[in-house]
Amino acid sequence: MQPFTQQVIDIIRTIPKGKVMTYGQIAKSAGSPRGARQVVRILHTMSHTYDLPWHRVINIKGEISIPDDESRFLQKILLEEEGIETNTAGRIDLSIYRHDG
DNA sequence: GCCATGGCTAGTA
DNA sequence: GCCATGGCTAGTA
């Protein structure tokens, strides 16, 4: 386990229920401002084994960005259960729901 | 080689 | 819509 990877995992674990963080925001907090894709990769491969709240990570546009239909539907449900609503444009308002790590 | 980005530009309205 | 970016898991041999 590399330090950056560990940092990313730790940060994702700190996102409280009812809040979200963006890929780029997490990467920056972990010390790699351009490492957003790395956060993607970590979420993709390690969410299950490290029991991460993967659904609380979205892109900077406020969109759920999982390509798989089933998973993106699940993410929407999980967020709604935590009180996070999407607006009429189908987006999540970061000015309301963003967690500032 | 993989990956669920993000920022910038061109081009439309 | 394009494309530069970046750090490295899981699983096979």
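As the structure is a computational prediction, the values presented were derived from the model and not from experiment. So that the names make sense, note that chain A is the first sequence line, chain B the second, and so on, each numbered from 1.
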When the distance from [atom1] of [X] to [atom2] of [N] is rounded to whole Å, what number comes out?
X        : N      : atom1 : atom2 : answer
Arg41(A) : dC2(B) : CZ    : P     : 13 Å
Ile42(A) : dT5(C) : CD1   : P     : 20 Å
Arg91(A) : dA4(B) : CZ    : C1'   : 16 Å
Glu70(A) : dA4(B) : CD    : P     : 16 Å
Glu63(A) : dT5(B) : CD    : P     : 10 Å
Leu43(A) : dG7(C) : CG    : P     : 16 Å
Lys76(A) : dA4(B) : NZ    : P     : 21 Å
Phe4(A)  : dT9(C) : CZ    : P     : 11 Å

Partner nucleotide of dG11(C) by Watson-Crick or wobble geometry (both distances under 3.5 Å):
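dG11(C) is unpaired by these criteria.
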Counting Watson-Crick and G-U wobble pairs only, both distances under 3.5 Å, name the nucleotide matched with dC3(B), or none.
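Pairing partner: dG6(C).
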[X] side-chain proximity, nearest of [options]:
X        : options                : result
Arg34(A) : dT5(B), dC3(B), dT5(C) : dT5(C)
Asn59(A) : dA4(B), dC8(C), dG6(B) : dG6(B)
Pro67(A) : dG7(B), dA4(B), dC8(C) : dA4(B)
Ser32(A) : dG7(C), dA4(B), dC3(B) : dG7(C)

Under a 3.5 Å cutoff, is there a donor and acceptor pairing between the side chains of Gln75(A) and Arg72(A)?
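No, Arg72(A) and Gln75(A) have no side-chain donor paired with an acceptor closer than 3.5 Å.
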Base, sugar-phosphate or nothing for Ile60(A)? Non-hydrogen atoms, less than 4.0 Å.
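Contact class for Ile60(A): sugar-phosphate only.
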Nearest-0.5 Å distance, CZ of residue Arg91(A) to OH of residue Tyr97(A):
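Answer for the CZ-OH pair, Arg91(A) versus Tyr97(A), is 15.5 Å.
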Rounded distance in Å between the C1' positions of dG7(C) and dC8(B):
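Taking atom C1' in both dG7(C) and dC8(B), they lie 24 Å apart.
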Say you pick atom P in dC3(B) and the same atom in dT12(C); how far apart are they, in whole Å?
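Going atom to atom, P in each nucleotide, I get 16 Å.
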When you match Lys61(A) and Trp54(A) each to their closest nucleotide on DNA chain B, which lands nearer the 5' end?
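Result of the comparison: Trp54(A).
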Under 4.5 Å between side-chain heavy atoms, counting indirect links through other Ile/Leu/Val/Met/Phe/Trp/Tyr residues: same cluster for Val57(A) and Met46(A) or not?
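Per the 4.5 Å side-chain linkage, Val57(A) and Met46(A) are co-clustered.
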Tell me if the CD atom of Glu85(A) is crowded by more than 12 foreign heavy atoms within 6.0 Å.
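Enclosed.
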A quick test of your reading: do over 12 heavy atoms of other residues, nucleotides or ligands sit less than 6.0 Å from NZ of Lys28(A)?
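12 or below, so no.
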Would you say Thr49(A) reaches dT9(C)'s phosphate, i.e. side-chain N/O to OP1/OP2 under 4.0 Å?
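No.
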Closer to the 5' end of DNA chain C via nearest nucleotide, is it Tyr50(A) or Gln38(A)?
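Its nearest nucleotide being more 5', the pick is Gln38(A).
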Go nucleotide by nucleotide along DNA chain C from the 5' end; which of Thr45(A) and Arg37(A) gets its closest nucleotide reached first?
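Residue closer to the 5' terminus by nearest nucleotide: Arg37(A).
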Using modelled atom types and a 3.5 Å cut-off, is there a donor and acceptor pairing between side-chain atoms of Thr45(A) and backbone atoms of Arg41(A)?
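Confirmed, Thr45(A) side chain pairs with Arg41(A) backbone.
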